[in-house]
Amino acid sequence: MVNINVVKTKAYTDQKPGTSGLRKRVIVFQQNQNYAENFIQSIISAVEPAARQDGALVVGGDGRFFMKDAIQLIVQIAAANGIGRLVIGQNGIMSTPAVSCVIRKIKAIGGIILTASHNPGGPNGDFGIKFNISSGGPAPEGITDKIFQISKSIEEYHICPDLKVDLSKLGTQTFDVDTFKPFTVEIVDSVDSYAEMLRGIFDFAALKELLSGPNCIHVRLDAMHGVVGPYVKKIVCEELGSPASSAVNCEPKEDFGGHHPDPNLTYAADLVSAMKGGEYDFGAAFDGDGDRNMVLGKHGFFVNPSDSVAVIGANITSIPYFQKTGVKGLARSMPTSGALDNVAKALKMQLYETPTGWKFFGNLMDAGKLSLCGEESFGTGSDHIREKDGLWAVLAWLSILAARKQSVEDIMKDHWQKFGRNFFTRYDYEEVDADAANKMIKDLETRMFDKDFVGQTFTSGDKTYQVEKADNFMYTDPVDSSVSKNQGLRIIFSDGSRIIFRLSGTGSAGATIRLYIDSYEKDPQKIYQDPQVRNQPWPCRRKIELCWGRLRPLCKKPCVQHSDCFLVLG
Ligand code: G16
């Protein structure tokens with residue numbers, strides 16, 4: 001018989017889940033007494049007691065430092081709170097999309113994912129705990145608010161301190177927990193259910209031909225020592241026949257090899273330089289927990305994530321899943337470029353614009369309104385699960401390559417010729433003082449709401465932009481009518497070009513200001529410009545840094561007071 005202890009604890013005030021779960025430095029979880037215990041108890045307390053005994057929770061993580069300790073705590077606290085069954089990936093490993101898949105497959109009441117996504121790991125890095133609901137998607141705001149409220153007033157947690165689970169042993173372990181009926185822990189293969197799901201979505205025979213047939217292409221998939229490694233090896237190499245050498249950095253590591261597991265041009269620089277050599281036709285990188293992806297073509301041709309989802313949308317019939325389900329609608333997060341809108345318009349599909357955060361797509365999918373969606377932050381996915389899905393995106397692109405028999409670059413250029421191009425760039429100002437960042441957003445909002453602002457024109461090069469609308473994005477969910485306010489400041493010009501400012505919800509220290517620029521071009525002579533040059537926010541960028549970075553005292557006014565800060569397009 002396993003005993004339950006009731007432990008008195010002191011509440012913390014900072015356990016508010018961000019865009020996707022609670023993310024903090026590892027030392028915050030490690031050094032603050034009961035910090036992890038409190039949050040895990042708060043998550044489980046948010047699950048109705050009546051749903052616990054017959055319910056299962058899926059648990060998995062991206063392999064980062066502190067994950068195994070957190071899983072043992074989840075086991076002990078779940079048992080003590082009457083959860084009937086836990087399903088855990090072997091050695092704790094399970095990608096975020098795979099957790100979503102398993103929650104849906106076994107009809108679990110939810111899942112807990114241990115990840116800080118693309119943030120660095122190791123003892124000095126970040127850790128995160130995220131709760132997903134029975135649909136397989138991240139908990140919506142109503143539930144994360146409830147968890148936060150509980151965490152602010154928690155006085156005790158329940159735990160079975162003697163209960164230890166061997167995470168390496170596949171199979172079911174059963175425990176007799178005091179008060180409750182047997183508590184079972186099932187350790188499952190991390191890849192099996194997810195691979196089975198992908199077989200039902202894609203034409204594996206066509207992909208096998210593409211990756212290992214007589215006219216095969218050469219791919220390089222870089223897991224950045226995150227959780228996707230075992231998935232790439234098993235699905236892409238073992239099953240689809242790509243050589244073992246195409247799987248790079250595929251051993252999950254607690255510190256991601258000392259790097260940021262962030263699939264973008266900065267942090268996946270090794271992949272970019274390997275691709276430049278011309279040996280590979282297709283390259284991709286994934287983040288720590290496997291939900292983000294970056295796609296590259298031969299010689300390192302970069303596919304912007306906002307374009308990536310648009311290309312998948314325009315070629316959606318290359319994917320058997322959508323031939324069966326039809327296309328119910330498309331969606332993008334607000335800051336994501338309007339490339340997908342152009343596809344939706346041309347193909348007469350419904351397009352939804354949601355706030356940043358994958359959780360906002362879930363309601364639309366559950367209501368049968370949404371099939372394909374994407375975000376500028378390297379997230380792409382569909383209603384096959386309720387998380388973005390890095391490997392799914394790669395197989396989607398490979399399906400398009402197989403069907404069109406063209407290179408990535410040619411597919412992208414054809415797309416721009418047909419739909420026009422949205423030049424998209426994003427600038428991040430990280431770890432700035434949180435109060436100063438909030439003040440900057442407030443000051444900017446005040447200026448944007450000035451009665452003379454709408455209608456003003458700004459000229460850059462041969463282009464003139466007129467402000468058509470300026471607002472703080474507010475979203476009313478079309479399904480449950482819930483309202484999410486203050487989702488980012490938008491300056492929208494009459495040709496659809498946009499400048500957006502918002503504060504990130506995924507940082508672990510201070511604040512991160514994001515500046516997004518999306519400018520549309522349909523002149524075929526101009527669609528091949530470099531977006532970094534076209535959307536250069538200099539000198540705006542420098543002024544933001546001067547104001548809100550280390551040199552703040554040099555500039556007393558918010559930088560947005562300087563009129564040239566708005567001259568960022570062109
Ligand atoms: C999370 C969310 C995404 C969001 C991203 C960036 O991704 O799931 O929907 O776009 O954060 O959010 P922010 O701009 O607030 O930092 P992930 O991969 O970090 O879990």
Side-chain angles (χ1 to χ4, degrees), residues 263-265 284 292-297 301-319 322 327 329-356 358 360-361 370-382 388 393-394 396-397 400 404 406 408-426 463 465 473 488 490-500 514-535 569:
N264 59 34
L265 294 173
R292 297 183 177 210
N293 74 96
M294 174 176 74
V295 169
L296 299 176
F301 180 86
F302 172 64
V303 177
N304 185 292
S306 301
D307 281 338
S308 177
V309 63
V311 168
I312 296 172
N315 294 279
I316 204 154
T317 49
S318 307
I319 301 167
F322 296 111
V327 184
L330 307 176
R332 62 164 172 83
S333 63
M334 181 274 282
T336 302
S337 94
L340 189 62
D341 307 35
N342 302 329
V343 172
K345 203 165 157 199
L347 304 183
K348 299 195 171 37
M349 292 178 195
Q350 179 70 39
L351 185 280
Y352 300 92
E353 183 182 36
T354 60
T356 296
W358 203 262
F360 291 101
F361 297 132
L370 175 59
S371 295
L372 172 74
C373 49
E375 291 190 285
E376 51 70 37
S377 54
F378 295 85
T380 330
S382 94
K388 52 190 186 273
V394 163
W397 264 91
I400 295 168
R404 293 185 51 149
Q406 277 179 297
V408 170
E409 183 167 350
D410 287 346
I411 290 171
M412 201 63 253
K413 287 183 169 169
D414 278 2
H415 186 91
W416 292 331
Q417 289 287 349
K418 189 167 172 190
F419 297 98
R421 179 173 181 188
N422 284 75
F423 285 88
F424 181 84
T425 35
R426 182 177 107 178
K463 286 216 158 211
Y465 298 91
F473 182 60
R490 303 190 296 178
I491 301 166
I492 305 176
F493 299 94
S494 52
D495 70 343
S497 298
R498 302 177 302 156
I499 300 175
I500 292 149
R514 301 205 194 287
L515 161 61
Y516 312 81
I517 303 166
D518 173 14
S519 63
Y520 180 66
E521 180 61 71
K522 57 176 187 293
D523 180 347
Q525 304 304 317
K526 294 186 181 164
I527 55 176
Y528 301 129
Q529 289 170 333
D530 178 350
Q532 300 299 326
V533 174
R534 183 186 160 98
N535 286 355
L569 289 164

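Worth knowing before you read on, the calculation uses all heavy atoms, side chains too, and leaves out hydrogens, waters and symmetry mates. A quick note: this is a predicted structure, and the numbers were derived from the prediction, not measured.
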Run the side chain to side chain contact (heavy atoms under 4.5 Å, CB included) check on Y516 and T336 step by step: do they pass?
-> CA-CA 8 Å; Y516 312 81; T336 302; over 6 Å; no
Listed by chain and number, what are the side-chain contact (heavy atoms from CB on, under 4.5 Å) partners of S494, not counting sequence neighbours?
-> Q466, E468
Correct closest heavy-atom pair for S497 and Y465 would be OG-CE2, 3.8 Å
Is a side-chain donor-acceptor pair under 3.5 Å present for D341 with N422?
-> no
Sequence neighbours excluded, the answer for side-chain hydrogen bond (donor to acceptor under 3.5 Å, both in side chains) partners of S371 is none
Looking at residues at least two apart in the chain, or sitting in another chain, which of them share a salt bridge (charged side-chain N to carboxylate O under 4.0 Å, His left out) with D410?
-> none
Non-neighbouring partners of F419 that pass ring-ring contact (aromatic ring centres under 6.0 Å, His included), sequence neighbours left out | H415
How close do G381 and L372 get, heavy atom to heavy atom, and via which atoms?
-> O-CD1, 3.5 Å
When you look at L296 and V408, which way does the side chain to side chain contact (heavy atoms under 4.5 Å, CB included) test go after all the steps?
-> CA-CA 8 Å; L296 299 176; V408 170; over 6 Å; no
Residue that, paired with E376, satisfies salt bridge (charged side-chain N to carboxylate O under 4.0 Å, His left out) out of R514, R292, R426 | R426
Using residues 302-309 as the side-chain source, report each donor-acceptor pair under 3.5 Å to any protein atom, sequence neighbours left out, with the distance given to one decimal.
{"unit_1": "N304", "atom_1": "OD1", "unit_2": "S306", "atom_2": "N", "d": "2.8"}
{"unit_1": "N304", "atom_1": "OD1", "unit_2": "S306", "atom_2": "OG", "d": "3.4"}
{"unit_1": "S306", "atom_1": "OG", "unit_2": "S337", "atom_2": "N", "d": "3.2"}
{"unit_1": "D307", "atom_1": "OD2", "unit_2": "W416", "atom_2": "NE1", "d": "3.3"}
{"unit_1": "S308", "atom_1": "OG", "unit_2": "W397", "atom_2": "NE1", "d": "2.9"}

N342/Y520 under side chain to side chain contact (heavy atoms under 4.5 Å, CB included): CA gap, chis, key distance, verdict = CA-CA 10 Å; N342 302 329; Y520 180 66; 3.4 Å; yes
Run the side chain to side chain contact (heavy atoms under 4.5 Å, CB included) check on V327 and L347 step by step: do they pass?
-> CA-CA 10 Å; V327 184; L347 304 183; over 6 Å; no
Nearest atoms (heavy-atom pairs only) where A396 meets I319 | CB-CD1, 3.7 Å
Mind checking what makes salt bridge (charged side-chain N to carboxylate O under 4.0 Å, His left out) contact with K522, not counting sequence neighbours?
-> none
Of the non-hydrogen atoms in I400 and I312, which two are nearest, and what is the gap between them?
-> CD1-CA, 3.8 Å
Return the set of residues passing salt bridge (charged side-chain N to carboxylate O under 4.0 Å, His left out) with E353 (not counting sequence neighbours), or none when no residue passes.
-> R332, R490, R498
With sequence neighbours left out, the residues meeting side-chain hydrogen bond (donor to acceptor under 3.5 Å, both in side chains) with D414 are R404, Q406
Across all chains, not counting sequence neighbours, the side-chain contact (heavy atoms from CB on, under 4.5 Å) partners of A284 are L221, F282, F286, V394
Using a 4.5 Å cut-off on heavy atoms from C-beta on, say whether the side chain of F473 contacts that of P355.
-> yes
D495 side, atom CG; S519 side, atom OG - distance, nearest 0.5 Å | 8.0 Å
What are the two closest non-hydrogen atoms of L370 and G329, and how far apart are they?
-> CD1-O, 3.4 Å
Can you sort out the partners of E375 under salt bridge (charged side-chain N to carboxylate O under 4.0 Å, His left out), two or more places apart, ordered by chain and number?
-> none
Residues forming a side-chain hydrogen bond (donor to acceptor under 3.5 Å, both in side chains) with K413, sequence neighbours excluded = E409
Contacts of type side-chain hydrogen bond (donor to acceptor under 3.5 Å, both in side chains), residue S382, not counting sequence neighbours | H384
Minimum heavy-atom separation for G374 to F361, with atom names?
-> O-CZ, 4.0 Å
